[in-house]
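Here is how names work: the chains are called A, B, and so on, in the same order as the sequence lines, proteins then strands, and each is numbered from 1.
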Amino acid sequence: MGLTRNRRKREPEIVIARDTDSESSASEEEEEDDYPLSESEKEDEAVKIELEKSKAKGKAPITVKLKKVCKVCKQPGHEAGFKGATYIDCPMKPCFLCKMPGHTTMSCSHRVVTDHGILPTSHRNTKNPIDFVFMRQLQPRIPPIKPPYVIPDQVHCAVIRYHSRRVTCLEFHPTRNNILLSGDKKGQIGVWDFAKVYEKSVYGDIHSVQVNNMRFSPTNDDMVYSASSDGKVGYTDLETGTSSTLLNLNPNGWQGPTTWNMLYGLDINSDKGLVLAADNFGLLHMIDHRSNNVTGEPILIHKKGSKVVGLDCNPVHPELLLSCGNDHFARIWDMRKLQPGESLNDLAHKRVVNSAYFSPSSGTKILTTSQDNRIRVWDSIFGDLDSPSREIVHSHDFNRHLTPFKAEWDPKDASESLIVVGRYISENYNGAALHPIDFIDSSNGQLVAEVMDPNITTITPVNKLHPRDDVLASGSSRSLFIWRPEEKREMVEEKEKEKEKKIVICYGDSNKKGKKQKRGSDDEDEDDDMFSSKGKNIKAKAKTTKSTRKTKA
DNA sequence: ATTCCATGATGCC
DNA sequence: TGGCATCCCTGGAA
């Protein structure tokens, strides 16, 4: 099953890693006293320390006072932040996962706990009654059955720092299986042939700021539409790199933030021959796909002045359009009567809706990702849409440095239940704080697999499943990763057994260090942070109170 | 090696 | 409505 397999030894496979930093002794286990204290116990301890100190040196009140103050709430008596690879919530704040007050993430019943002995030490040796709740509520959540899906859970190849800014969107080529398109915060669009790993190109002059969505032309595989925060819809020939602007909402340039138009949502209704793009003022724009000219007037489909971040055309019913945005709604529209306030349904959310997708084959279900840390599924667009059929609590908070998370359907899953979504919150995996990519069975909310690699310590908000192959592409910060199932990878490797049996890591051009494209794994000494020693043999540096989760050499 | 800072969207008041 | 506090990141600079 995915859970176990993910974590099975992969050491021999990843050749890029350097030797490790920490041989710092096996006496690290002292981690224990950091931690399994209840809040009151912690306070007691703090008080004790204070007392002792003030007794010891008759006067030293200032330093003593600074001793234990929470960085988050500034209150004494507890501390929040990373202890090694485990993050301690501030108990004064609502749970970072489910957002409910009264408990912390550690004791949240929605928290997914890893099994197989990789439980954070905190949950052994505790007398805290909360742990009983843990065992009771969470143990049954760990799926006992092998999923019928083949989860791509092993890094097959990667481009490290391919982009010079973070990746914002990914798209697989509709017919060429090994071509991955990626957009970034700078406005660049990359084309990567991940079968030939080193074949990649970046188009930098299509957009001036971040690319929010890309779609291939339904009639010409080489042509790509892109929506950007520069207010333009670009139309680019991937072969030649020549690009034209089909829509420019800022013809007069920068006139201040209140007038600057940005385009977010983008989709193509091939049935009606329309390219649809939505902006940050709540408006929907349409471009005739054949003439590539703007058609009709912009239509207000979300709250005036609010961002429409997502558009999705129904795969079966061409008259249905789904939109979502910052007004906390996902809305279903009839293309035949697109008028303000005339939506067929408004799906309410508690926070901003990052994405809303029809299910890939029948188009009857809807999957949404909201910034209230919940993934929602509506089972039938023909049924009751007043409330979702399911809400899955999942950590995918908004953060300024991250591309917003979007849960995505697996287009290959005929049952239309498997989804993939990156996880914000980190978990302590053998001493490393990692942010897995979650595969969730949306029919029951169970975690099917948590995919991670000890070398990938950054958060991976952008994920895309291949339309035909068991391949996952993910964008983490500036790097791209291709994942395959373990078995699959072995097959591939066997096939080309003459070639190195190693994961190929390729370096992008965007950073100085990586300029030289490394072939294979010959000179492993000079890899950069991303695939350096962090992952392996990590030991929690319990001694160093300063140590953050980034324990570099 | 470590700390700091910028950055931006959001939600609350 | 506008100002302001907030944020379990990330990258780069100090």
Residue list, side chain to side chain donor-acceptor pair (under 3.5 Å) with A:Asp327, at least two apart or on another chain: A:His302, A:Arg331
Using a cut-off of strictly less than 4.0 Å, decide whether A:Lys93 has a side-chain nitrogen or oxygen near OP1 or OP2 of C:dC7. yes
Check whether the side chain of A:Asp397 and the base of C:dC7 form a donor-acceptor pair under 3.5 Å. no
Which is it for A:Asn373 and A:Asp397 under the side chain to side chain donor-acceptor pair (under 3.5 Å) test, yes or no, and what are the steps along the way? CA-CA 6 Å; A:Asn373 263 3; A:Asp397 287 55; 2.8 Å; yes
Taking the P atom of each, how far is B:dT7 from C:dA14, in whole Å?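 After rounding to an integer number of Å, I get 14 Å for this pair.
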Interatomic distance, [X] [atom1] vs [N] [atom2] [rounded to whole Å]:
X	N	atom1	atom2	result
A:Arg165	B:dT7	CZ	P	12 Å
A:Phe82	C:dC7	CZ	C1'	13 Å
A:Arg478	C:dG11	CZ	C1'	7 Å
A:Lys99	C:dT6	NZ	P	15 Å
A:His163	C:dG11	NE2	C1'	17 Å
A:His401	B:dC5	NE2	P	14 Å
A:Arg423	C:dC9	CZ	C1'	17 Å
A:Ile88	C:dC8	CD1	C1'	11 Å

Sugar-phosphate or base contact per nucleotide [nucleotides 8-13 of chain B; S, B, -; heavy atom under 4.0 Å]: BSSSS-
Does A:Phe96 have its ring centroid less than 6.0 Å away from the ring centroid of A:Tyr424?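 Judged by ring-centre distance (under 6.0 Å), A:Phe96 and A:Tyr424 do meet the cut-off.
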Ring-plane angle category for A:Trp260 and A:Trp254, please: parallel below 30°, perpendicular beyond 60°, tilted otherwise.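 Answer is tilted, since the angle falls between 30° and 60°.
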Over 60° means perpendicular and under 30° means parallel, so tell me whether A:His349 and A:Trp378 are parallel, tilted or perpendicular.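 Taking A:Trp378 first and then A:His349, their aromatic rings sit tilted (interplane angle of 30° to 60°).
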Going through the checks in order, is the side-chain contact (heavy atoms from CB on, under 4.5 Å) test met by A:Asp438 and A:Val420? CA-CA 6 Å; A:Asp438 290 327; A:Val420 64; over 6 Å; no
Which nucleotide in the list C:dC9, C:dG12, C:dC8 gets nearest to the side chain of A:Ile459? C:dC9
Kindly list each side-chain donor-acceptor pair under 3.5 angstrom involving residues 303-311 of chain A, sequence neighbours excluded, with atom names and distances?
from, atom 1, to, atom 2, distance (Å)
A:Ser306, OG, A:Lys303, O, 2.8

